[in-house]
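One structure below.
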Amino acid sequence: MKKRLAAGLISVLCFLTLSGCAPRQQELQAALVLGFSQLGSESSFRIGNTRDIEDKAKRYGVSLMMDDANQKQENQIKAIRRFIAYRVDVIAFSPIVEEGWDNVLTEAKQAGIPVILVDRTIQTSDRELFVSQIGADFYEEGVMAAEYLLKKADDLGKDQLRLVEITGTENSTPMKQRHEGFMDTIAKDDRMVLLESVNGDFLRSRGAECMRYLLDRYGDEIDVVFSHNDEMTMGALPEIEKLGYRPGKDMVIISIDGGQEAIDILREGKINCIVECTPMLGSILMETALALKAGQSIDHEIHPEERVFSDYDDLSALPPRGY
Ligand code: AHR
């Protein structure tokens, strides 16, 4: 184990030297070397997640090698290979999509480096390729979004509600599971009619594009917009307003994440409901990585607790969200 730590520290020194940074005393004494591949910076969730992991690494005395994959799976695979070559103690990454990880994770397994998935999960026939997934229960998020809608439908007293859905990145865990959780829950209710589901890639600009398309195609048929993240919702809202509709009143707006900007818009009444998806996973990640290094057993899935914010709640005392 000592050998591994020494090798890991030498690797970090090389990495820091290559990237032009002199190692600080804290890095030399790090309890653990963690390689983390972040998938990108597409949303306030993601930026908050990166910041939280960096902050918590410092707090826990973990030496962090952070890599930003710029929304490309191939960059994540390259980063994981670099971490293996550096012989870090633990590899963690947020997989942009679910498929296509078996080869690189088999290489990590052969090198004896444990892997933790952060935020999203993967499809693999070998459950041993990763030790744990730390992230939201995305299916449950879809269920919570739909449960809000069923309650709202009762209060609105309408016979029918026509919905559009703007989903996140194709083949990503949140996109698949939020859709399934939501659809499974509304399927039991005859009032709900899905007009169309379109892909907005979790980006604000794509949220705007998708909304323009949906308004053009369905106009005032749309009663409900279910958007898979705040970023796309905030892209969609101005498009709705441009055509003279009042989001939150003429259309029920349901979003996911719960970043500060979206919560402020919910308070203004232009979003009706936000299901929380917390990016604050840094402490659990550091504790899990340290426990792994200490040889303790780890749960295969670790989900943070999440809640719903909606126009049924008094949010005046809600503390700043931090992302
Ligand atoms: O994987 C979590 C999702 O990814 C968040 O809901 C979204 O904002 C982010 O891009």
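First listed ligand is number 1; within each ligand, the first listed atom is number 1.
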Sub-3.5 Å donor-acceptor pair from the side chain of [X] to the main-chain atoms of [Y], do we have one?
X: E54; Y: M66; result: no
X: D189; Y: R191; result: yes
X: N272; Y: G248; result: yes
X: S172; Y: I96; result: no

Practice task
Identify the two heavy atoms, one from A153 and one from M192, that lie closest to each other, and give their separation to 0.1 Å.
Solution key: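 Heavy atoms only, the tightest pair is CB-CE, 3.7 Å.
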List ligand 1's nitrogen or oxygen atoms that come under 3.5 Å of a protein nitrogen or oxygen, with the partner atom and distance.
{"unit_1": "ligand 1", "atom_1": "1 (O)", "unit_2": "R46", "atom_2": "NH2", "d": "3.4"}
{"unit_1": "ligand 1", "atom_1": "1 (O)", "unit_2": "D119", "atom_2": "OD1", "d": "3.0"}
{"unit_1": "ligand 1", "atom_1": "1 (O)", "unit_2": "D119", "atom_2": "OD2", "d": "2.8"}
{"unit_1": "ligand 1", "atom_1": "1 (O)", "unit_2": "R120", "atom_2": "NE", "d": "2.8"}
{"unit_1": "ligand 1", "atom_1": "1 (O)", "unit_2": "R120", "atom_2": "NH2", "d": "3.4"}
{"unit_1": "ligand 1", "atom_1": "4 (O)", "unit_2": "R46", "atom_2": "NH2", "d": "2.9"}
{"unit_1": "ligand 1", "atom_1": "4 (O)", "unit_2": "R120", "atom_2": "NH2", "d": "2.9"}
{"unit_1": "ligand 1", "atom_1": "6 (O)", "unit_2": "R178", "atom_2": "NH1", "d": "3.0"}
{"unit_1": "ligand 1", "atom_1": "6 (O)", "unit_2": "R178", "atom_2": "NH2", "d": "3.0"}
{"unit_1": "ligand 1", "atom_1": "6 (O)", "unit_2": "D257", "atom_2": "OD1", "d": "2.6"}
{"unit_1": "ligand 1", "atom_1": "8 (O)", "unit_2": "S43", "atom_2": "OG", "d": "3.2"}
{"unit_1": "ligand 1", "atom_1": "8 (O)", "unit_2": "N229", "atom_2": "ND2", "d": "2.9"}
{"unit_1": "ligand 1", "atom_1": "8 (O)", "unit_2": "D257", "atom_2": "OD2", "d": "2.6"}
{"unit_1": "ligand 1", "atom_1": "10 (O)", "unit_2": "E42", "atom_2": "OE2", "d": "2.4"}
{"unit_1": "ligand 1", "atom_1": "10 (O)", "unit_2": "S43", "atom_2": "OG", "d": "3.2"}

Practice task
On the 0 to 90° scale, with breaks at 30° and 60°, tag the F182-F226 ring pair as parallel, tilted or perpendicular.
Solution key: parallel
